[in-house]
Amino acid sequence: MTTSSPCILLTGFEPFGGEPINPSWEVARALAGQQIGAIRVESVQLPCVFARAPQTLQAALAHWSPQAVLCLGQAEGRSDVTPERVAINLMHARIADNAGAQPQEVPIVANGPAAYFSGLPLTRIVRHLSDHQLPVSISNSAGTFVCNQVFYWLQHTWGRADRYSGFVHLPCLPEQAARMCTRSPCPSLPLETQVRAVHEILTLMA
Ligand code: PCA
């Protein structure tokens, strides 16, 4: 596949926290290679590792030169597809990442800005998905784990006013729900619905 035809880069994370699957990668994988108008979806898996996730994203950006970037992650306990509004300059891990690292109160970029806003049209996304009867709401915190790190790093290094970039957290899949959640009842969303929702977001970015 040539790297010169227009594409959107779609990333998902490998499983973490002892789970065998991660909905973000299942969705990214399901949409890999699809055409959205004239734009092709290129999907890349990111490691759930602080020391490697930004570098993997960086390599994918350099390889594909995408016109827009959407990063996905799993957020257990949420019932909606949740576009994230803001990334903060902080790593503060509740659990160890997949390499055993658990940074506490560490900036992502030394002396970087405290935060970046999403480069996605959040209000349009919420309206569009709601019109399609898909469960969606804006989240005002992407957390302080690897997802927030990748989101911050994307906005810091690649985000620009004239191109779309941002992060969307996804609920657990039904088969994960019983294992993952401390809440009861535990929210989840079928893969097929998650794929439809992300596809609709990509149509707004293409
Ligand atoms: N979710 C984690 C990291 C990887 C993922 O899918 C997070 O919310 O930070």
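Treat the numbers as computed from the prediction; the structure is a model and nothing was measured. Both ligands and their constituent atoms are indexed starting at 1 by order of listing.
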side-chain contact (heavy atoms from CB on, under 4.5 Å) assessment of L173 paired with Q194: CA-CA 9 Å; L173 297 169; Q194 298 203 25; 3.6 Å; yes
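Ion pair R94/E76 flagged as a salt bridge, since at least one NZ, NE, NH1 or NH2 atom sits closer than 4.0 Å to an Asp/Glu carboxylate oxygen. Checked for salt-bridge contact, R29 and E42 miss the test: no charged N lies under 4.0 Å from a carboxylate O.
Around ligand 1 you find F13, F16, N22, C48, G73, Q74, F145, V146, C147, H169, each with a heavy-atom distance below 4.0 Å.
Looking at T193, its side chain never comes within 3.5 Å of a backbone N or O of L189 through a donor-acceptor pair.
For S137, the side-chain hydrogen bond (donor to acceptor under 3.5 Å, both in side chains) partners two or more places apart in sequence, or in a different chain, are D80.
Counting all heavy atoms, side chain and backbone alike, D97 lies closest to F145 at CA-CZ, 4.0 Å.
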